[in-house]
Amino acid sequence: MEEPNGRSARIVGLGTAVPSRVLTNADFERMVETTDEWILARTGIRERHVVGPDESVATIAVEAGKRAMEDAGVAPEEVELVILATATPEQPIPATATIIQPRLGVSKATCFDLSAACSGFLYALRVARQFIVTGDVSTAMVIGAETLSRYTDYTDRSTCILFGDGAGAAVLQAAPAGEGILRSAWHSDGTFADFIQMPGGGSRFPPNVKEHIDAKLPFIKMRGNETFKVAVRSLTEVCLEVLDGTPIEEVKLFVPHQANQRIVSAVGERLGLKDEQVYMNLERFGNTSSASIPLALREAIDRGRLQRGDLLLMAAFGGGLTWAASLVRW
Ligand code: UT7
């Protein structure tokens with residue numbers, strides 16, 4: 001999708017936060033029947049950060065949001081829109097975005113949550129971009145924040161080793177056409193809704209029923225191997241869609257959702273990406289769902305892997321199923 005009215009939107013500030021508690025593969029060897037070797041070989045993960053008793057999705061989202069505003073040099077009162085992408089909200093009512101509003105000091109912002117699982121950050125980025133491009137909003141903040149550890153079944157070895165907690169925020173403002181977010185694509189397919197799901201905790205299986213807890217319904221469940229195959233295909237297709245014929249060599253950096261090293265390698269191979277074009281930090285954070293792209297992007301910039309003017313490709317895939325990509329002139 002090209003820019004209407006000769007306007008684009010760009011990320012002018014990025015901030016991230018992870019809780020301090022770390023779970024290593026050795027910790028999981030003590031919890032379930034698994035090994036460091038299996039986890040590393042099948043996923044690429046060594047450790048993940050998880051929230052402690054005094055932390056929650058709001059505490060890390062606030063930390064990331066404050067850092068993003070500081071990085072952008074934007075005062076909280078300038079922010080007109082906050083979209084918080086999360087699958088693990090603070091509570092069902094009200095939206096986590098409104099819960100964090102006073103703590104961020106963004107008193108003039110309209111705040112709401114967006115639910116697109118691991119694709120949430122790119123979905124939210126596209127929504128915010130649209131408001132900026134039309135001139136409705138001058139400064140927006142998009143946050144991806146998750147505490148999947150709260151919904152992880154630590155007796156299920158096929159899922160518990162995967163997830164970590166974290167938050168990443170981006171401040172967006174207008175940019176001339178040809179800069180910032182050049183093209184975005186997003187897709188959903190609910191026929192695969194049961195591939196990644198947390199069946200309980202909502203209105204179908206409310207959390208206040210003992211049988212639902214006993215049946216472990218308010219925990220994340222995944223048909224991992226089937227998800228893996230769809231993820232490789234969908235991520236490749238959505239990247240080609242936003243590249244729209246742009247030669248892959250022109251992409252300076254590919255920052256994918258960090259779900260599994262093998263998924264990213266397979267996508268990279270299909271797209272013809274070289275290793276030095278791909279940024280991964282999955283090894284240290286695990287799958288942080290909607291937080292994974294901003295967590296990786298912030299780190300990539302800090303390590304000098306992306307400069308102003310470089311072409312950045314981001315892509316995500318997750319529950320829904322949902323998938324999305326953005327091509328950005330940084
Ligand atoms: O972020 C949203 C999108 N998420 C994804 O894209 C995740 C996609 N899926 C995956 O990353 C992978 O499917 C997993 C890492 C979850 C699993 O890897 P896999 O290669 O697909 O393994 P599998 O599910 O086919 O299981 C292979 C074997 C099974 O044993 P049997 O039936 O062959 O005897 C599992 O029971 O590996 C076993 N297994 C484990 N063994 C040791 C599953 N989990 C573990 C474990 N340790 N933690």
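Atoms within a ligand are numbered from 1 in the order they appear, just like the ligands themselves.
Taking each heavy atom of Asn281 and Ala296 in turn, the nearest pair found is ND2-CA, 3.4 Å.
The backbone N or O of Pro206 sits less than 3.5 Å from a side-chain atom of His212, completing a donor-acceptor pair. Side-chain atoms of Arg183 do not come within 3.5 Å of backbone N or O of Ser326 as any donor-acceptor pair. Within the 3.5 Å criterion, the main-chain N or O of Val79 finds no donor-acceptor partner in the side chain of Thr139.
The one candidate from Asn25, Thr24, Asn287 that meets the side chain to side chain donor-acceptor pair (under 3.5 Å) condition with Arg48 is Asn25.
Ring to ring, His257 and Phe317 are not that close: their centroids are 6.0 angstrom or more apart.
Residues lining ligand 1 at a heavy-atom distance below 4.0 Å are given as Glu33, Thr34, Trp38, Arg42, Thr43, Cys118, Arg157, Ser158, Ile161, Leu162, Ile196, Met222, Gly224, Asn225, Thr227, Phe228, His257, Ala259, Asn260, Arg262, Ile263, Asn287, Phe317, Gly318, ordered by chain and residue number.
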